[in-house]
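Following: one structure in structure tokens, then a few remarks.
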Amino acid sequence: MNVYQELKARGFIYQETDSSAIEKKLTEEKVVFYCGFDPTGNCLHIGHLLPVMAMRLLQRAGHIPVALVGGATGQIGDPSGRNTARNMLTKETVAENVKSIQAQLSRFIRLEDGAAYFANNNDWFAEVKLLDFLRDIGSKFSVNRMLAQKSVENRLENGLSFLEFSYSLLQGYDFYYLNKTLNCTLEIGGQDQWGNMVAGTELVRRMYNEEREVHCLTIPLLINPATGQKFGKSIGGASVWLDSNRTSVFDYYQFWRNCDDSMIEDLLKKFVLDIPVEEAESLVRSGNINRAKEILAYEATKLAHGEKAAADAYLAAGCKFGFADPDKKIQTTSSIMQLNEAAAKEDSIPSCEIPAENFEGDGMWIPKIMVEAGLCKSSSDARRLIQGGAVSIDDVKITDPTRNIKLNEIHGDSFTIRSGKKNFRKIRLK
RNA sequence: GGUGGGGUUGCAGAGCGGUCAAAUGCAGUAGACUGUAAAUCUACCGGUUGUACCUUCGAUGGUCCGAAUCCAUCCCCCACCA
């Protein structure tokens with residue numbers, strides 16, 4: 001199976017400019033390709049991961065990724081897939097975001113020995129002169145054509161500023177620039193980027209009078225077929241972040257572990273590149289779908305947070321909820337096989353420190369503890385949860401929302417508070 | 001610049017002087033059932049050590065016993081015309 005076939009088999013291809021040309025290129029030469037990321041936030045979340053995985057796959061096959069973080073375009077905001085304009089970010093915020101996003105990407109993409117490049121389009125747009133740009137680039141774009149773009153069409157109803165309208169020129173220019181300087185000949189991106197990406201390939205061709213051939217391909221949007229929801233959000237409506245300070249490793253593991261049945265095969269193929277496609281299929285059909293989910297969660301966590309953290313999360317979760325295949329009947333190439341379930345421990349359950357003096361005297365009000373631990377956003381919320389019978393401390397159900405926890409009720413220097421079946425916090429006294 | 005229509009609690013979208021912390025749908029959370037899944041049913045879904053008080057309906061002022069609702073000014077959006 002060549003890289004192109006693997007991309008296809010794992011479901012990374014939605015639209016492409018010329019499939020046989022792309023296949024030929026990817027199998028015969030070392031290709032420099034690029035993928036853009038919006039620095040709208042300072043942290044990547046699960047939703048960003050899809051193109052990152054495609055980049056990883058291509059890099060593994062010897063191609064050279066260029067991760068472009070849009071320091072310049074981020075100041076504009078892509079109108080694709082939006083009904084309203086984005087909030088404008090200050091230049092400083094964008095610059096900071098670029099930095100932290102690059103840091104996060106470097107966990108997924110190998111950088112050493114020129115194996116990949118990071119680029120920030122602010123580096124070249126800062127130099128561009130308006131008149132030159134309009135003459136050289138603007139002249140190659142047809143407004144008629146741009147108006148026909150889906151992303152523009154949708155926005156025409158609600159209004160679209162010229163700033164946003166020009167987004168595809170800028171993205172196109174990125175491709176031209178990267179082609180000129182790094183000989184980048186392929187762009188990959190999300191399904192919603194198709195219009196912008198094609199604009200880029202056309203620009204490059206026109207700039208060289210059709211003599212250069214460049215291509216692009218889009219990755220399909222991941223949709224949960226059961227709910228019709230876009231994959232990527234969740235864990236309480238909040239994003240699942242790749243930064244362990246925002247989403248703990250345990251929660252990250254749990255996110256994958258709790259994936260929908262209908263998505264498991266797709267997720268394994270796309271997010272666990274180390275498991276061959278056939279194995280992913282057979283795991284799902286093994287009759288033990290929960291083992292497949294454990295493997296997915298373990299491997300995905302391993303990629304984002306490292307082997308040790310992933311193992312801890314797996315063991316901690318198994319300790320709380322049980323293991324799907326403790327006897328290891330199901331064969332897999334995953335290193336999950338080497339883990340010892342008997343050594344299960346709770347250490348990696350998210351924890352929170354609270355000064356011991358809070359528990360002295362009358363003790364600490366339970367809703368306060370829950371807010372402090374990040375289990376809920378307000379004490380009203382906590383009170384409701386308690387009234388709904390969702391809360392327990394060290395497996396003893398709490399029914400009285402006015403209750404306080406006193407120092408003498410705590411055994412040792414920690415206790416576990418839980419809200420619902422799946423949310424735990426270990427509270428450590430300090 | 002003119003005319004008309006708007007800005008409501010995460011989103012969509014009612015309300016158009018008191019009965020409004022604000023209908024309904026979606027999203028979300030919890031409980032039951034399960035497989036840490038889905039579907040289904042039930043409850044919750046601004047804040048507050050608790051049923052009364054506080055802060056919310058673009059902003060600021062005003063009318064009124066009382067305003068999301070009326071008036072004025074301002075800001076922003078949309079449509080049509082210029």
Side-chain angles (χ1 to χ4, degrees), chain A residues 81-88 154-161 164 223-240 250-268 283-284 286-298 300-301 313-326 330 341 344 346 349 358 361-372 374-392 397-406 417-424:
Chain A
R82 303 205 110 229
N83 295 323
T84 49
R86 287 168 204 264
N87 294 334
M88 288 256 222
N154 295 340
R155 284 295 299 280
L156 246 30
E157 286 167 31
N158 300 317
L160 174 72
S161 71
E164 292 176 278
I223 303 248
N224 180 336
T227 60
Q229 289 285 310
K230 200 162 130 189
F231 175 81
K233 295 273 171 169
S234 193
I235 292 204
S239 295
V240 179
F250 185 77
D251 288 340
Y252 188 83
Y253 175 92
Q254 283 294 302
F255 168 79
W256 293 100
R257 177 59 249 259
N258 285 316
C259 81
D260 233 88
D261 278 15
S262 53
M263 298 201 72
I264 177 75
E265 184 174 330
D266 214 15
L267 295 178
L268 271 172
L283 279 175
V284 176
S286 66
N288 190 340
I289 195 161
N290 282 317
R291 183 57 171 171
K293 290 186 185 181
E294 279 180 0
I295 293 170
L296 169 70
Y298 168 73
T301 309
Y314 166 69
L315 294 175
C319 173
K320 279 287 177 197
F321 302 110
F323 293 98
D325 183 25
I330 292 169
E341 280 82 358
E346 298 185 24
I349 286 173
N358 288 347
D362 292 340
M364 189 168 180
W365 188 37
I366 293 172
K368 270 262 153 22
I369 302 174
M370 293 174 65
V371 173
E372 194 67 30
L375 281 173
C376 50
K377 57 183 186 341
S378 68
S379 33
S380 300
D381 197 21
R383 192 188 352 225
R384 279 181 223 115
L385 285 168
I386 293 171
Q387 280 165 342
V391 177
S392 58
K397 187 167 255 180
I398 305 298
T399 47
D400 177 7
T402 62
R403 239 198 98 184
N404 288 11
I405 293 294
K406 300 191 193 75
I417 185 159
R418 122 195 224 167
S419 150
K421 281 199 189 78
K422 292 186 233 162
N423 308 306
F424 304 90

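Throughout, a chain's letter reflects where its sequence line sits, starting with A, and its residues are numbered from 1. Since we're looking at a predicted model, the values are computed, not measured.
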Exercise for review: For B:U34 and B:G25, measure between their C1' atoms and round to the nearest Å.
Suggested key: 27 Å
Review point. Rounding to the closest angstrom, what is the interatomic distance between B:A68 and B:U19 at atom C1'?
Key: 16 Å
Exercise for review: Examine the side chains of A:Asn288 and A:Ser286 and answer whether a donor and an acceptor come within less than 3.5 Å of each other.
Suggested key: no
Exercise for review: Side-chain contact test, heavy atoms from C-beta onward, threshold under 4.5 Å: evaluate it for A:Lys422 versus A:Asn258 and give yes or no.
Suggested key: yes
Practice item. Take the protein atom CZ of A:Arg403 and the nucleotide atom P of B:G50, then report the distance between them rounded to whole Å. Key: 19 Å
Practice item. Could you give me the CA-CA distance, side-chain angles and deciding distance for A:Phe424 and A:Leu375, then say whether side-chain contact (heavy atoms from CB on, under 4.5 Å) is met? Key: CA-CA 8 Å; A:Phe424 304 90; A:Leu375 281 173; over 6 Å; no
**Study point:** Gap between atoms CZ and C1', on A:Arg418 and B:A30 respectively (whole Å)
**Key:** 13 Å
Revision key, fill the gap. Rounded to whole Å, the CZ-P distance (A:Phe424 to B:A30) equals 11 Å
Review point. Base, sugar-phosphate alone, or nothing: which one does A:Asp362 contact when heavy atoms must sit under 4.0 Å apart?
Key: nothing
Review point. If you check every side-chain atom of A:Ser378, which of B:U36, B:U49, B:G47 has the closest atom?
Key: B:G47
Practice item. Look at all strands and tell whether A:Pro401 reaches a base, only sugar-phosphate, or nothing, counting heavy atoms closer than 4.0 Å. Key: base
Review point. What is the nucleic acid contact for A:Lys377, judged by heavy atoms within less than 4.0 Å: base, sugar-phosphate only, or nothing?
Key: sugar-phosphate
Exercise for review: Determine which nucleotide pairs with B:G4, using a 3.5 Å limit on both distances of a Watson-Crick or G-U wobble pair.
Suggested key: B:C78
Practice item. In whole angstrom, give the distance that lies between atom CG of A:Leu267 and atom P of B:U36. Key: 19 Å
Exercise for review: Just do the side-chain contact (heavy atoms from CB on, under 4.5 Å) check on A:Ile417 and A:Ile366 with the steps written out, would you?
Suggested key: CA-CA 9 Å; A:Ile417 185 159; A:Ile366 293 172; 4.1 Å; yes
Check your understanding: For A:Ile289, which contact category applies under a 4.0 Å heavy-atom criterion: base, sugar-phosphate, or nothing?
Key -> base
Point to revise | A:Lys368 side chain, from C-beta outward: closest of B:U36, B:G35, B:U49 | key: B:U49
Study note, to complete from the structure: Partner of A:Thr301 under side chain to side chain contact (heavy atoms under 4.5 Å, CB included), picked from A:Tyr252, A:Tyr314, A:Phe255, is A:Tyr252
Revision key, fill the gap. Of B:G47, B:U29, B:A37, the nucleotide closest to the side chain of A:Asn423 is B:U29
Check your understanding: Does a sphere of radius 6.0 Å around CG in A:Asp362 hold more than 12 heavy atoms from other residues, nucleotides or ligands, not counting ones at 6.0 Å or beyond?
Key -> no
Check your understanding: To the nearest Å, how far apart are A:Asp260 CG and B:G35 P?
Key -> 17 Å
Practice item. Could you measure between the two C1' atoms, the one in B:C64 and the one in B:U69, and give it in whole Å? Key: 13 Å
Exercise for review: Among the candidates B:U48, B:C44, B:U36, find the nucleotide nearest to the side-chain atoms of A:Gln254.
Suggested key: B:U36
Exercise for review: Would you kindly compare A:Cys259 and A:Asp381 by the position of their nearest RNA chain B nucleotide and give the one closer to the 5′ end?
Suggested key: A:Cys259
Point to revise | Closest listed nucleotide, where the reference is the side chain of A:Asn258 and the choices are B:U48, B:C44, B:U36 | key: B:U36
Point to revise | Whichever of A:Gly389 and A:Trp365 has its nearest RNA chain B nucleotide further upstream toward 5' | key: A:Gly389
Exercise for review: Tell me which nucleotide among B:U49, B:G31, B:G35 gets nearest to the side chain of A:Ala390.
Suggested key: B:G31
Exercise for review: Would you mind telling me which of A:Asp261, A:Asp260, A:Asp325 makes a salt bridge (Lys or Arg N to Asp or Glu O under 4.0 Å) with A:Lys293?
Suggested key: A:Asp261
Practice item. May I ask you to say what A:Ala324 touches in the nucleic acid, namely base, sugar-phosphate or nothing, with a heavy-atom cut-off under 4.0 Å? Key: nothing
Exercise for review: Write down the partner of B:A67 under the Watson-Crick or G-U wobble criteria, each distance required to be under 3.5 Å.
Suggested key: none
**Study point:** Whole-Å C1' distance, B:G28 and B:A72
**Key:** 41 Å
Practice item. For B:A37, give its Watson-Crick or G-U wobble partner with both distances under 3.5 Å, or none. Key: none
**Study point:** P atoms of B:G62 and B:G1, separation to the nearest Å
**Key:** 29 Å
Practice item. Taking atom P in both B:A30 and B:G17, compute the distance separating them and give it to the nearest angstrom. Key: 41 Å
Practice item. Using the P atom as the reference point in each nucleotide, state the distance between B:G7 and B:A43 in Å, no decimals. Key: 32 Å
Review point. Of all the nucleotides listed (B:U49, B:G35, B:C44), which has the minimum atom distance to the side chain of A:Arg384?
Key: B:C44
Check your understanding: B:U49 P sits how many Å from A:Met370 CE, rounded?
Key -> 14 Å
**Study point:** Side chain of A:Lys421 - closest among B:U29, B:G31, B:U48
**Key:** B:G31
Check your understanding: In Watson-Crick or G-U wobble terms, both distances under 3.5 Å, what is the partner of B:U56?
Key -> none
Check your understanding: Any side-chain heavy-atom pair from A:Ile369 and A:Asn358 closer than 4.5 angstrom?
Key -> no
Revision key, fill the gap. Which of B:G50, B:U48, B:A37 is nearest the side chain of A:Gln387? It is B:G50
Review point. Between A:Ser380 and B:U48, is there a side-chain N or O to OP1/OP2 distance below 4.0 Å?
Key: yes
Review point. What distance, rounded to whole Å, do you find between the two C1' atoms, one in B:U8 and one in B:C16?
Key: 12 Å
Check your understanding: Nearest-Å distance, CD1 (A:Ile349) to C1' (B:U36)?
Key -> 13 Å
**Study point:** A:Asn290, nearest nucleotide to its side chain (from B:G35, B:G50, B:A30)
**Key:** B:G35
Point to revise | Sugar-phosphate only, base, or nothing, as touched by A:Arg257 at under 4.0 Å among non-hydrogen atoms | key: base
Point to revise | Pair assignment for B:C26, Watson-Crick or G-U wobble, requiring both distances under 3.5 Å | key: B:G10
Check your understanding: Atom NZ of A:Lys422 to atom P of B:G28: distance rounded to whole Å?
Key -> 12 Å
